[in-house]
Amino acid sequence: MSRIRDISQTLRPSLPVWPGDTEFAFDRTWKMEDGSPVNVGRMTMSTHSGTHGDAPLHYSATAEDIASVSLDPYLGECLVVDARAARGWVQIADLPDLGGATRVLLRTYERFPHDQWDSDFTAIAAEMIDWLAGQGVVLIGTDAPSVDPQESKTMDAHKAVLANDMRILEGLVLDDVPPGRYELIALPLKITGGDAGLCRAVLRELPDA
Ligand SMILES: N[C@@H](CC(=O)c1ccccc1NC=O)C(=O)O
Ligand SMILES: [Zn+2]
Ligand SMILES: [Zn+2]
């Protein structure tokens, strides 16, 4: 069996969230310790908690919700890129030869900030998104919480993603992943009207070519 790498954040009460957004909360509706035959939990969270995929509806009021998008972009061969040297924005010059990859995951963090919110994350240049689309890329993933800077009002990278009908994964954990090719499996939850869907994201090693 090929090795599976979990590249998801762990959902837990201390999960850092976008400033002002809903904190992640989990508790139990029914508890075995109270005599229930089973434990049953409930959660409150933002649709952008932890590792997730944005729906086009997040950045375009009339676009598809997360229940309506095709799953094809979220499943299949990808290229993990070490973009740790990028400052401010990941740019075209930070990319290696894609070798025909149609899904690209960017590692920007030396160490993923599991315990505190990082407002100064590395965004993605809109020109790079247009360029990637021209190369046939259908999905861009990042370990940052957004493809645009936190204080962006223009959302240029999200707009480039919309214009090119691409998909985005945000909040990946790529700390221990050597750059290279993998099989990506990261299916967003199917939520009617959802502007995003939480993902359990994994990478599987490809069989030797
Ligand atoms: N991960 C999200 C974050 C995001 O945009 C956001 C999340 C909560 C509250 C406000 C947000 N964005 C802009 O104001 C995104 O970039 O799609
Ligand atoms: Zn998001
Ligand atoms: Zn986003």
Side-chain angles (χ1 to χ4, degrees), residues 7-25 43-71 73-74 78 81 83 86 88-90 103-109 112-130 132-133 137-174 184 186-201:
I7 54 168
S8 324
Q9 296 182 58
T10 302
L11 300 174
R12 61 199 198 282
S14 57
L15 181 78
V17 299
W18 193 278
D21 204 0
T22 309
E23 297 284 341
F24 181 86
M43 297 178 287
T44 309
M45 75 206 88
S46 163
T47 42
H48 298 263
S49 309
T51 307
H52 67 278
D54 286 355
L57 179 65
H58 178 51
Y59 37 85
S60 168
T62 54
E64 292 170 288
D65 67 8
I66 200 66
S68 305
V69 297
S70 164
L71 294 178
Y74 300 103
C78 73
V81 170
W89 282 265
V90 185
R103 300 172 188 83
V104 174
L105 309 185
L106 303 169
R107 175 182 178 188
T108 68
Y109 282 121
F112 186 92
H114 287 286
D115 297 322
Q116 72 286 322
W117 180 258
D118 171 32
S119 294
D120 195 29
F121 56 82
T122 305
I124 301 179
E127 303 74 53
M128 188 184 103
I129 291 170
D130 289 336
L132 286 173
V137 171
V138 295
L139 176 135
I140 303 172
T142 174
D143 55 2
S146 181
V147 296
D148 279 299
Q150 183 170 308
E151 303 304 333
S152 175
K153 299 284 176 263
T154 51
M155 305 297 277
D156 300 325
H158 283 90
K159 280 184 186 152
V161 164
L162 178 70
N164 293 293
D165 197 25
M166 298 162 93
R167 299 293 171 262
I168 316 173
L169 293 173
E170 295 168 330
L172 299 168
V173 182
L174 297 169
L184 169 73
L187 305 177
L189 292 180
K190 193 175 186 180
I191 306 164
T192 296
D195 52 275
L198 276 61
C199 289
R200 183 70 179 261

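Order of appearance sets the numbers: ligands from 1, and atoms from 1 within every ligand.
With rounding to the nearest 0.5 angstrom, the CZ atom of R167 is 10.5 Å from the CG atom of L71. Note that the OG1 atom of T122 and the CH2 atom of W89 stand 10.0 Å from one another [nearest 0.5 Å]. Here I66 contributes atom CD1 and K190 contributes atom NZ; the two are 11.5 Å apart, rounded to the nearest 0.5 Å.
Between W117 and W18, the ring planes are perpendicular. Angles over 60° get that label, and only those under 30° would be called parallel.
For the side chain to side chain contact (heavy atoms under 4.5 Å, CB included) test, residues two or more places apart in sequence or in another chain that qualify with D148 are S146, S152, M155, D156, A157, H158. By the side chain to side chain contact (heavy atoms under 4.5 Å, CB included) test, A196 pairs with T47, H48, H52, D54, sequence neighbours left out.
For the Zn ion (ligand 2), the nearby protein N/O/S atoms, meaning those under 2.8 Å, are H48 ND1, H52 NE2, D54 OD1, E170 OE1.
With contacts defined as side-chain heavy-atom distances shorter than 4.5 Å, the pair C78/L139 does not qualify. Side-chain contact between L105 and I7 is present, with at least one heavy-atom pair separated by less than 4.5 Å. Looking at heavy atoms from C-beta onward, M166 lies in side-chain contact with L132 at the 4.5 angstrom threshold.
Enumerated by chain and number, the residues approaching ligand 1 to less than 4.0 Å through a heavy atom are W18, D21, H48, H52, D54, H58, P145, S146, H158, E170.
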